[in-house]
Amino acid sequence: MSVCAYMRHVGFYRLWAVLLLTLLHLQPAFAAVPRADADAPSTLAVGQQQALFAFGTLIYAASSVASPAERRLLQPFLLTYRPDLRLEGRYPLRRAVAEATGRWPLDLRQDALSYLLGHRAAITNFNAMVLQTVGGAPAFDVLSRGAPAGAPEQKIYADRQMLADLLRRTWTQGQGAHLWQAQRQAWTAAQPQPHHLAQLAAAIARYSRSGQTLSTAGSQVVADPLMPPGSGVTSLFADGHFLMVIGPSDSIPEQDMLISHELLHPIVHALIHTDSALWARLQADSCSFDAIASGDPQNVLTHFVYTSWESYLSEVLVRSISHRLAGVANPAVDPFVIAPLVQQELQVFEHGQLPLTQAIGQLSRQLAQRYCRSLAA
């Protein structure tokens with residue numbers, strides 16, 4: 001699963017819990033990769049982009065009335081707005097939305113806060129659920145496309161009428177429609193160029209040496225400047241295309257890193273789950289995850305959906321490869337303590353001829369020799 005937890009890039013590394021943001025900024029860390037229904041749209045119409053915008057305004061509005069204790073409850077899910085002068089210099093609509101929502105009627109802001117406190121899920125997963133359960137503006141019709149698997153997402157799905165009602169109120173009572181019109185040009189300017197997606201997919205295919213190709217036909221990347229920096233979520237469709245929603249980035253290379261991160265997840269997942277020898281190797285080395293998790297007293301790993309060695313190692317691999325492809329430094333931060341060694345092994349892989357599956361297997365063995373021994377001690 002990709003959590004959209006994400007990068008230097010991501011102001012992630014600059015968040016309240018540098019670790020949490022780092023996780024999320026790579027969406028990789030946190031973002032789930034939901035499989036969308038076959039009848040779901042492959043591209044986002046304006047009304048659906050407005051739905052994402054409206055949900056973002058709910059978060060900003062809730063933040064304006066949240067107490068310090070309530071903010072602490074929502075911060076691990078990135079369901080808060082935090083001022084960032086540097087980021088807002090690049091995306092001034094963030095500050096404009098914060099100022100506008102701070103003038104909303106008090107009851108609407110309090111209802112937004114109450115809803116988020118009662119439906120805590122990673123912001124990346126939440127954005128995916130908005131598209132799955134609510135139609136576009138201005139109607140925000142309730143959709144029924146099949147209940148998701150995760151408990152937080154199931155609650156969002158069950159209460160989708162409540163979400164739809166709140167979004168309608170943002171559009172009318174909160175004058176969200178006027179706010180969208182005022183910020184639409186800035187939203188449009190933040191969108192990545194479609195042809196660039198195909199270029200990144202080709203670079204990833206070359207790097208992996210897997211023979212796998214990732215078609216971008218019918219796929220789309222939508223940039224949501226209201227999301228936390230570096231975050232993102234990808235929905236995969238039955239016919240192979242995908243819809244990716246990503247947060248703001250400091251630069252084009254950092255945006256490339258985030259997109260690459262999301263594109264890499266299905267490739268790495270396929271390599272691990274289809275190569276029987278690699279899968280057996282990872283199962284044998286599962287004690288590495290136990291050792292790393294034992295050093296995570298705040299349970300961040302399990303909180304962010306890293307519940308096995310293969311899911312944790314694949315996340316670190318995706319993070320590391322995406323940083324290398326984009327030419328962006330990859331600082332080692334908890335809980336990604338194995339990042340430096342992964343980076344070293346990737347350099348060896350790049351100068352050799354081994355397929356990526358064998359390189360991952362060798363890396364897993366090396367890590368098990370280090371971490372399993374420390375656990376036994």
Side-chain angles (χ1 to χ4, degrees), residues 2-13 18-19 21-31 33 192 196-214 216 221 229-232 234 244 246-247 249-272 278 306 310-367:
S2 153
V3 169
C4 209
Y6 344 19
M7 350 165 161
R8 175 204 115 29
H9 107 45
V10 56
F12 268 119
Y13 291 158
V18 167
L19 156 55
L21 267 194
T22 295
L23 286 181
L24 296 190
H25 89 271
L26 281 179
Q27 196 229 280
F30 192 76
V33 184
H196 198 49
L197 179 61
Q199 294 173 346
L200 291 175
I204 289 170
R206 290 193 298 270
Y207 187 95
S208 69
R209 299 179 198 158
S210 64
Q212 296 187 37
T213 58
L214 185 61
T216 58
V221 177
S231 59
T234 300
M244 187 185 301
I246 61 173
S249 303
D250 286 341
S251 64
I252 295 301
E254 288 190 348
Q255 185 179 78
D256 286 353
M257 177 175 61
L258 179 55
I259 295 174
S260 297
H261 184 116
E262 292 307 302
L263 294 178
L264 274 160
H265 264 290
I267 289 180
V268 172
H269 181 274
L271 290 176
I272 288 176
L278 176 56
Y306 299 123
E310 63 270 16
S311 65
Y312 173 80
L313 180 58
S314 66
E315 175 60 29
V316 180
L317 279 166
V318 167
R319 286 174 55 92
S320 298
I321 294 173
S322 62
H323 277 79
R324 295 187 67 77
L325 286 172
V328 177
N330 181 22
V333 295
D334 289 339
F336 303 121
V337 293
I338 65 173
L341 181 56
V342 172
Q343 291 280 79
Q344 293 175 21
E345 291 306 308
L346 285 177
Q347 291 181 38
V348 174
F349 162 75
E350 291 163 8
H351 290 90
Q353 299 297 322
L354 285 180
L356 187 55
T357 50
Q358 290 188 31
I360 295 173
Q362 290 182 1
L363 173 62
S364 181
R365 284 196 298 273
Q366 291 184 40
L367 291 167

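The shortest side-chain heavy-atom distance between Leu354 and Val348 does not fall under the 4.5 Å cut-off. A 4.5 Å side-chain heavy-atom check between Gln362 and Phe349 finds every atom pair outside the cut-off. Within the 4.5 Å cutoff, the side chain of Arg209 has no heavy atoms near those of the Pro355 side chain. No side-chain heavy atom of Ser260 sits less than 4.5 Å from a side-chain heavy atom of Ile321. When side chains are defined from C-beta on, Asp256 does not count as touching Val328, because their heavy atoms never get closer than 4.5 Å.
The one candidate from Thr357, Leu356, Leu363 that meets the side-chain contact (heavy atoms from CB on, under 4.5 Å) condition with Ile360 is Leu356. Of the residues listed (Leu264, Leu325, Val221, Ile259), the one engaging Leu200 in a side-chain contact (heavy atoms from CB on, under 4.5 Å) is Ile259, and it is the only one.
Nearest heavy atoms, Ser320 versus Leu346: CB-CD1, 3.6 Å. Of all heavy-atom pairs spanning Gln255 and Pro192, the tightest one is OE1-CB, 3.5 Å. A pairwise comparison of heavy atoms in Val337 and Tyr312 identifies N-OH, 3.6 Å as the closest pair.
The NE2 atom of His323 sits 10.0 Å away from atom CG of Leu258, with the distance rounded to the nearest 0.5 Å. To the nearest 0.5 Å, atom CD1 of residue Ile272 and atom OG of residue Ser314 are 5.0 Å apart. The distance from atom CD1 of Ile267 to atom OH of Tyr207, rounded to the nearest 0.5 Å, is 12.5 Å.
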Verdict with reasoning, His265 to Glu315, per side-chain contact (heavy atoms from CB on, under 4.5 Å)
CA-CA 8 Å; His265 264 290; Glu315 175 60 29; 3.1 Å; yes

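A donor and an acceptor atom, one from each side chain of His269 and Glu310, are nowhere located under 3.5 Å apart.
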